[in-house]
Amino acid sequence: MTSSAPTSQASPAVSVLQTALRACRRAATRLRSVTAELPGHQAVVAVTRGAGVVTRTGWACVMLLVLAAAGGFRLGWQEAWAAAAVLGSVVATAWLWLLPRGGHTVSHDLLERRVTVGDNAIVHLSVRNPTGRLLLPTRMEMPVGTAGAVFAVPTLRPGAEHERGFILPTARRSVVTVGPVVSVRSDPVGLLRRERNHTEAQLVHIHPRTIRLGVTLRGIMRDVEGAVTQELSSSDVSFHALRDYVPGDDRRNVHWRTTARTGRLMVRQFEETHRASLLVLLDTLPDVYETDEDFETAVSVACSLALNAIADGREVSLLTQAGALPTITGLRMLDASCLLEETPGAYGCDELARHATTRHSEASVLVLVTGQRCDDSVLGRVRTATPVDTVAIALRCGSRPLGRHALSGLTAFDIDRLEALPLVMREAV
């Protein structure tokens, strides 16, 4: 029974019952806090644990029992004594349902702790009887995120095993807590309830959908710390070999010592060193997206760009208004993306671009992923905040199909689904 605030029409008996319930809760709280330092603390702890299995319905039944007994004793009502006898028998027999009769060994395993949106995440549950006696049926619960699965375990003979499988909902990107598996014992009336944990909770990461691009964004800069390529150059920092001079070669690259020894004009040849740093900005302002699905598409687009750069061994950073995501490995980035949410009241993507380029001035390519409600003037300010030598494009996710627009020096592409991203990137490069 759930208590509610007394009204002017409520009877005096109901008001007295509600007041008594509140007094019992306060008394139980004081009992737990005060008795910690008293002698016989273990006995007190046992009593408080016993009181903890009483439900709200149970406390209400106890208070009705006290009121009925008091009415029968003070007023001599036979009806009150009859009610007290019935309530007393119900309360006394309810404890019999909590007598230990378990002994089950429970385990639950996740076939995949990381899945993609739309894939099946299966939980395998096993309940065994390791004892040498018959185990009676019981009821168990397993929390799954904000919901829960309730199932009945049948009678198990010695050594028998009961298995079940559950499919987790993976329609949306998130981190879902599965478990622990809890055995529940309660009486039929619901006066008492005792729970026992059998397993530990586990996490399931539901990653956003991603797609392979098949192209590499341009925006290459030579750097002494860059990666050495197979392309040969007449001027760079990574020496490769010597070759004969041909008209047009820079005289500064002539190797005079070898020229004097061979009698032929020899020049140095170099291997090009390239560094391409990608900066991906994901706009989490809810006002720029038409629907929640458009925001999910934007998350998938941003993660696809970062994941492809990580796979290609390029430097990449992924930033939002709420902060940066780790890009050391693709797995860590996808795990962190499961917790991405829209940030109402955040600053716009132009401020995001200004902060990001100040923090990552080495970026050679900037990709802004936003919604189709983002104003063109804001995108123009994004280009203004970006260094001149940085390649900058914007990807706008929404209902409008594939399209290209030039906005104040910034090229913007409209995307209505993730599968269009490779085509957009081929056009962008």
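Values reported hereafter were calculated over all heavy atoms of this structure, with side chains retained and with hydrogens, waters and symmetry mates removed.
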Asks: Identify whether the distance between the nearest side-chain nitrogen and carboxylate oxygen of Asp416 and Arg400 falls below 4.0 Å.
Replies: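 Looking at Asp416 and Arg400, the cut-off is not met.
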Asks: Judged by atom type as modelled, is there a donor-acceptor pair below 3.5 Å linking the side chain of Ser300 to the main-chain atoms of Glu296?
Replies: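 Confirmed, Ser300 side chain pairs with Glu296 backbone.
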Asks: Can you tell whether the side chains of Arg417 and Glu293 come within less than 4.0 Å, N to carboxylate O?
Replies: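 Salt bridge absent between Arg417 and Glu293.
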Asks: Where the side chain of Asp312 meets the backbone of Arg314, is there a donor-acceptor pair that is under 3.5 Å apart?
Replies: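 Such a contact is absent between Asp312 side chain and Arg314 backbone.
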Asks: Is there a donor-acceptor pair under 3.5 Å between the side chain of Ser364 and the backbone N or O of Ser277?
Replies: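 Between the backbone of Ser277 and the side chain of Ser364 there is a qualifying donor-acceptor contact (under 3.5 Å).
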Asks: Within the side chain of Ser361, is there an N or O that forms a donor-acceptor pair under 3.5 Å with the backbone of Thr358?
Replies: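 The answer is no, because no donor-acceptor pair under 3.5 Å joins these two groups.
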Asks: Mark yes or no for whether Thr343, through its side chain, and Ala346, through its backbone, hold a donor-acceptor pair below 3.5 Å.
Replies: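 Checked: no pair found.
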Asks: Parallel, tilted or perpendicular, judged at 30° and 60°: which one describes the rings of Tyr289 and Phe295?
Replies: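 Taking Phe295 first and then Tyr289, their aromatic rings stand perpendicular (interplane angle over 60°).
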Asks: Between His108 and Thr199, do the side chains contain a donor N or O and an acceptor N or O under 3.5 Å apart?
Replies: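 There is such a pair between these side chains.
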Asks: Would you mind checking if Arg128 and Glu163 are paired as a salt bridge, meaning a charged N to carboxylate O distance below 4.0 Å?
Replies: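 Salt bridge: no.
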Asks: Hey, is Arg139 close enough to Glu141 for a salt bridge, meaning N to O under 4.0 Å?
Replies: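 Yes, charged N to carboxylate O under 4.0 Å.
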Asks: Give a yes-or-no answer on whether the side chains of His405 and Asp414 include a donor-acceptor pair shorter than 3.5 Å.
Replies: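 Yes, a side-chain donor-acceptor pair sits under 3.5 Å.
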Asks: Taking all atoms of both residues into account, what is the closest heavy-atom pair of Cys61 and Leu191, and its distance?
Replies: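 Of all heavy-atom pairs spanning Cys61 and Leu191, the closest is CB-CD2, 3.9 Å.
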Asks: Check whether any side-chain N or O of Arg383 sits under 3.5 Å from a backbone N or O of Pro387 as a donor-acceptor pair, and report yes or no.
Replies: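 Yes, the answer is positive, given that a donor and an acceptor are paired below the 3.5 Å cut-off.
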Asks: Could you verify whether a donor N or O on one side chain and an acceptor N or O on the other, from Gln321 and Asp283, lie under 3.5 Å apart?
Replies: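 Yes, a side-chain donor-acceptor pair sits under 3.5 Å.
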Asks: Under a 4.0 Å threshold between the charged nitrogen and the carboxylate oxygen, would Arg396 count as salt-bridged to Asp376?
Replies: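 Result for this pair is yes, salt bridge flagged.
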Asks: Looking at CG of Leu278 and CG of Leu305, how far apart are the two atoms once the value is rounded to the nearest 0.5 Å?
Replies: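 Rounded to the nearest 0.5 Å, the CG-CG separation comes to 6.5 Å.
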Asks: Going by distance alone, is a donor N or O of one side chain under 3.5 Å from an acceptor N or O of the other, for Asn129 and Arg157?
Replies: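 Checked: Asn129/Arg157 side chains show no N/O donor-acceptor pair below 3.5 Å.
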Asks: Only one of Arg196, His162, His198 clears side-chain contact (heavy atoms from CB on, under 4.5 Å) with Met140; which?
Replies: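 Filter result, single survivor: His198.
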Asks: Under the 3.5 angstrom rule, does the side chain of Thr320 hit a backbone N or O of Gly323 as a donor-acceptor pair?
Replies: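 Yes, the answer is positive, given that a donor and an acceptor are paired below the 3.5 Å cut-off.
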Asks: Mind running side chain to side chain donor-acceptor pair (under 3.5 Å) on Ser399 and Glu290 for me, showing each step along the way?
Replies: CA-CA 8 Å; Ser399 59; Glu290 298 173 351; 3.0 Å; yes
Asks: Going by distance alone, is a donor N or O of one side chain under 3.5 Å from an acceptor N or O of the other, for Thr177 and Gln202?
Replies: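 There is no such pair between these side chains.
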Asks: Can you check whether Val153's main-chain N or O pairs, donor with acceptor, with Thr138's side chain at less than 3.5 Å?
Replies: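 Side chain of Thr138 to backbone of Val153, a donor-acceptor pair under 3.5 Å: no, none is there.
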Asks: So, for Tyr347 and His355, is the gap between ring centers shorter than 6.0 Å?
Replies: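 For Tyr347 and His355, the ring centres are under 6.0 Å apart.
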